Protein chains: 2
Amino acid sequence: MAENRSARVRRGRPRQAEVARLAGVSQTTVSVVLGGNKQGIVLHPDTTARVLEAARELGYVPDPAARRLAAARNNLLGVFSFTATFPTAVEHSYYPFLVGVEQEAAARGYDLVLFTGSSAGAQSGTSGALERVRLADGCLFLGRHIPAGELRRLVEHGYPAVHIGRRDELDGLAWVGADYVEATAEVVRQLAKLGHRRVMLVREDDDAPASTDRERGFREALATAGLAGADPVVRAAHPAAEITPAWLRDRYAEGVTAFVAEETDTGAAWRALLAAVEGAGLDAPSDVSLALLGSPPADLAGRPQPTGFDIPRAELGAAAVRALTGLLTTGEAESPLVACAFRPGSTAGPAPVH
Amino acid sequence: MAENRSARVRRGRPRQAEVARLAGVSQTTVSVVLGGNKQGIVLHPDTTARVLEAARELGYVPDPAARRLAAARNNLLGVFSFTATFPTAVEHSYYPFLVGVEQEAAARGYDLVLFTGSSAGAQSGTSGALERVRLADGCLFLGRHIPAGELRRLVEHGYPAVHIGRRDELDGLAWVGADYVEATAEVVRQLAKLGHRRVMLVREDDDAPASTDRERGFREALATAGLAGADPVVRAAHPAAEITPAWLRDRYAEGVTAFVAEETDTGAAWRALLAAVEGAGLDAPSDVSLALLGSPPADLAGRPQPTGFDIPRAELGAAAVRALTGLLTTGEAESPLVACAFRPGSTAGPAPVH
DNA sequence: CTCCTTGACTAATACGCATTAGTCCGCGTT
DNA sequence: AACGCGGACTAATGCGTATTAGTCAAGGAG
């Protein structure tokens, strides 16, 4: 009778009020029951059961916005990347991180909201785009270049945020990152153990923390191994043009027997090294040893595995989620560094006897 | 005096009410001004200016939760994949869809909620797992095998859902799909034009709509070209075992000069064909022509491009988003078929003169 | 000198949920 | 007989914004 303008016909999701009607109780009771009755209100077991049943029957799911507004939490974690999360060029994709994020979030009972701010943020560039993340209880950020101003606002207002990748310059912003210093040092140690006395690092001309850390680990390990000498680091803004066969032959003649390249989006430094070695008529690993501080670009998958290390992207994503949920619950996050795994590969071998 | 528990001290961000106080107007006016006054209320320019100034001074930013609550609209689209978790491999076939989904969603001002089999079902076992998607205003579904029962419930309740890939069996479920019938027909027409009189289709033993459609397009095009004859379709449950060099040589001897393989996750049919041709000592395209009804598996990227067609995955994802937003706004979705692009490739050539 | 307009705003309310402060009833106490 | 008390709920309110109905002067029409 009252049934004809009933809830089933109504377009849109069911509300607590509908559940309440069906169960014959008040909206308050529904909220209490579905909220797990944390306030310890005395409820008859039958009532609880009826509410639960009604909720199931209607397929009730709480509205995240309302929940958030009522000063509770959503169980939503945001992911915001400063470039498209799913770019057309798979090499720049954040997908591997997302896999870890996804799993860890699921395990902890959170759903993920992918904020699509930057990708086709046609209009944006205007401020305010970042504010949307407040819909979620907390948010993960990733990308090379961050809009520091906006992010700072969020953080200063106490919004729980975790950046994937080291980010010290923004005070108070939590982050998780790969331990490039240690991973790079390990690569150098391996090369030293193979008898190499002179090792060079080829890096791109960029001051991202990821690059700086590698250089630091590189220099520290050299020093520790007593291999300090002429400046062992080359910055190449355009690796393809600067790391030529001629250049490589010169270094080789000077006694450099191992070359280490930084990994970047494009893999330019590594490509240049490979080309230069080939162009110089040398062979790796018999003549010179090569190592890559990261994973090879996807299109080089067929080539022999480079000696170096793998960035545990999925693990980083998971660690980020742990840090974020830590912020949400206890207020503090755990240790931010994740170790990289050494990858033996086959581009490095014993130093040749000159 | 009332000032000492003032807004500046208050932790958190300014509300419209604070802006209103500073500008000496009502909260309503603030909302109207900052909302761009879409309702065309007459406001004195000075008032508008004062409000804007006050908002700037306080650094006002609207609360997305409140905004969405008031608008009764979350601007959230769900993405649900039926695999246990988001597939780890970037080269997995879902990735390209996501590219289009993200772009189109961003362009339309929607954010994405990512659901996976695991996240949705976490504790509750399987039943009710899908209900979680109600959190979003509408949801995209993708995957080969769908839990029909649960999805039906959602659709019957009027929940806006769009499946990526044809899905007729579930009445009322909207979908977008690639036009395999036409794309396959085009491939056959091209082969016919090259002089092939006998063409065979190798497909896996699966009745997914994607397979059925290709077979239909294949048979129709053959008929139209007047090439009907002995049964031109082989179903292979284990292509590697059934499509052998011997089998291929037999067909070749019978006058079959072109082979067409269906594309699937594994690419098994195509791999088997390639191997069989090679094993039989034949060459494509000089002896036999080969075509692939889809894109080659990633690990065959180095091989010559197969003749065939490309599934416009990103475009499909975008079309799905358009369909879903169509459902949300106007209540009806647009045309569900997306055309595939013919790919000339280099595995098909003129029929040999027998 | 009333009776509309128009301009310029504002009061009230809805959105869906969580929470705080009750209400109501039946049973035992002094 | 008035009183208290625990059990079992519910009414009322707040969160921050967007909207829908007003309100209230100051002019102009009649």
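Numbered from 1 within each chain, the chains take letters A, B, ... in sequence-line order. Small disclaimer: the values here were computed from a predicted structure and weren't measured.
For A/Gly35 and B/Val32, each mapped to the nucleotide of DNA chain C holding its nearest heavy atom, the one lying further toward the 5' end belongs to B/Val32. If you find the closest nucleotide of DNA chain D to B/Tyr60 and to A/Thr28, the one lying nearer the 5' end belongs to A/Thr28. Nearest-nucleotide mapping onto DNA chain C: of B/Val25 and A/Pro62, the residue sitting toward the 5' end is B/Val25.
Side-chain nitrogen and oxygen atoms of B/Arg67 include at least one within less than 4.0 Å of the OP1 or OP2 phosphate oxygen of D/dA18.
A donor-acceptor contact under 3.5 Å links the side chain of B/Gln27 to the base of D/dA18.
Using a 4.0 Å heavy-atom cutoff across all strands shown, A/Ile41 reaches at least one base atom of the nucleic acid.
Atom pair A/Arg50:CZ and D/dA8:C1' shows a separation of 12 Å (rounding to whole Å applied). In this structure, B/Leu69 atom CG and C/dA18 atom C1' are separated by 13 Å, rounded to whole Å. Rounded to an integer number of Å, the gap from A/Gln16 CD to C/dC15 P is 14 Å.
Shown here are the salt bridge (charged side-chain N to carboxylate O under 4.0 Å, His left out) partners of A/Arg152, two or more places apart in sequence or in another chain: there are none. Among residues two or more places apart in sequence or in another chain, the salt bridge (charged side-chain N to carboxylate O under 4.0 Å, His left out) test is passed with B/Arg166 by B/Asp168, B/Asp213. Considering only residues two or more places apart in sequence or on other chains, B/Asp111 meets the salt bridge (charged side-chain N to carboxylate O under 4.0 Å, His left out) condition with A/Arg132, B/Arg68. For the side chain to side chain donor-acceptor pair (under 3.5 Å) test, residues two or more places apart in sequence or in another chain that qualify with A/Glu169 are A/Arg167. In this structure A/Glu131 satisfies the salt bridge (charged side-chain N to carboxylate O under 4.0 Å, His left out) test together with A/Arg134, A/Arg153, sequence neighbours excluded. Scanning for side chain to side chain donor-acceptor pair (under 3.5 Å) contacts around B/Thr325 gives B/Arg108, with sequence neighbours left out.
In this structure the side chain of A/Phe141 reaches within 4.5 angstrom of the side chain of A/Leu154, judged on heavy atoms.
The stretch residues 42-49 of chain B touches DNA chain C through B/Val42, B/Leu43, B/His44, B/Thr47, each having a heavy atom within less than 4.0 Å of the strand.
A distance-only check finds no donor-acceptor pair linking the side chain of B/Asp137 to the backbone of B/Arg73 [under 3.5 Å].
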List, with names and distances, any nitrogen or oxygen atoms from the protein found under 3.5 Å away from nitrogen or oxygen atoms belonging to nucleotides 22-26 of chain C.
none

Show me the donor-acceptor pairs, under 3.5 Å and distance only, between side chains in residues 42-50 of chain A and residues at least two apart or in other chains.
unit_1  : atom_1 : unit_2  : atom_2 : d
A/Thr48 : OG1    : A/His44 : O      : 3.4
A/Arg50 : NE     : A/Ala23 : O      : 3.1
A/Arg50 : NH2    : A/Ala23 : O      : 3.1

